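Everything on this sheet refers to the single structure shown next.
It should be emphasised that the depicted structure is a prediction, and the values quoted were computed from it without experimental measurement. Because only heavy atoms are used, hydrogens play no part in the values below, and waters and symmetry mates are left out as well, while side chains stay in.
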Amino acid sequence: AEMHAGNVGEATRFLEQSLAEQRSREALLELALLRTRTGDPTGAVTLYQEALDRLAQQGAEGAMQRAALLEHLADALRASGRGDDARAQY
């Protein structure tokens, strides 16, 4: 909600605090998206990779979530100047 209200700093603090208490895929994804949107794709790459590692769902839903995460990861890699690594993820 804070991110949508334009309170980027507050949203970042909230997500980082949440992750300090419990590492969840959802919070990792939200913080990675926030970092990408605010010009820190390199910071987002690590978060996307951890979110992928935490993807425990199987079947079609898990495959769809994995595909979306890989696309976000590739976008962040490309934005951080790592085009070859990005192409490997698409």
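Taking CG of Leu69 as the reference point, atom CD of Gln49 lies at 11.0 Å (rounded to 0.5 Å). Rounding to the nearest 0.5 Å places CG of Leu73 at 11.5 Å from CG of Leu29. Between Leu47 atom CG and Leu19 atom CG the span is 7.5 Å, to the nearest 0.5 Å. A distance of 11.5 Å separates CD in Glu26 from CG in Leu15, rounded to the nearest 0.5 Å.
Contact detail for Thr38 and Leu34: the closest heavy-atom pair is OG1-O, 2.8 Å. Contact between Arg35 and Gly43 at its shortest, heavy atoms only, is NH1-O, 4.1 Å. Here the shortest heavy-atom pairing between Leu55 and Gly62 reads CD2-O, 3.5 Å. The nearest pair of heavy atoms linking Pro41 to Ala76 is CB-O, 3.3 Å.
Take Asp53 and apply the side-chain hydrogen bond (donor to acceptor under 3.5 Å, both in side chains) test, not counting sequence neighbours, and it matches no residue. Residues passing the side-chain hydrogen bond (donor to acceptor under 3.5 Å, both in side chains) test with Glu61, sequence neighbours excluded: Gln65.
Two residues are said to be in side-chain contact when any heavy atoms from C-beta on lie closer than 4.5 Å; Arg25 and Leu52 fail this criterion. Within the 4.5 Å cutoff, the side chain of Glu50 has no heavy atoms near those of the Thr46 side chain.
Here the side chain of Ser18 pairs no donor or acceptor atom with the backbone of Phe14 at under 3.5 angstrom. Although no hydrogens or angles enter the test, the distance criterion places no donor-acceptor pair under 3.5 Å between the side chain of Asn7 and the main chain of Glu10.
The pair Glu16-Arg13 does not meet the salt-bridge criterion, since no charged nitrogen lies less than 4.0 angstrom from a carboxylate oxygen.
For the ring pair (Phe, Tyr, Trp, His ring centres under 6.0 Å) condition, no pair includes a residue of residues 20-43, sequence neighbours left out. Applying the salt bridge (charged side-chain N to carboxylate O under 4.0 Å, His left out) test to residues at least two apart or on different chains, the pairs with a partner in residues 63-77 are Asp75-Arg78. Residue pairs meeting the ring pair (Phe, Tyr, Trp, His ring centres under 6.0 Å) criterion with at least one partner in residues 49-89, sequence neighbours excluded, are Tyr48-His72. Listed by first and then second residue, the ring pair (Phe, Tyr, Trp, His ring centres under 6.0 Å) pairs that reach into residues 23-42 come to none, sequence neighbours excluded.
Taking hydrophobic clusters as Ile, Leu, Val, Met, Phe, Trp and Tyr residues chained together by side-chain heavy-atom distances below 4.5 Å, Leu28 shares a cluster with Val8.
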**Message:** Using side-chain contact (heavy atoms from CB on, under 4.5 Å), reason through Arg82 and Val45 one step at a time and then give a plain yes or no.
**Reply:** CA-CA 10 Å; Arg82 296 172 56 189; Val45 167; 4.0 Å; yes

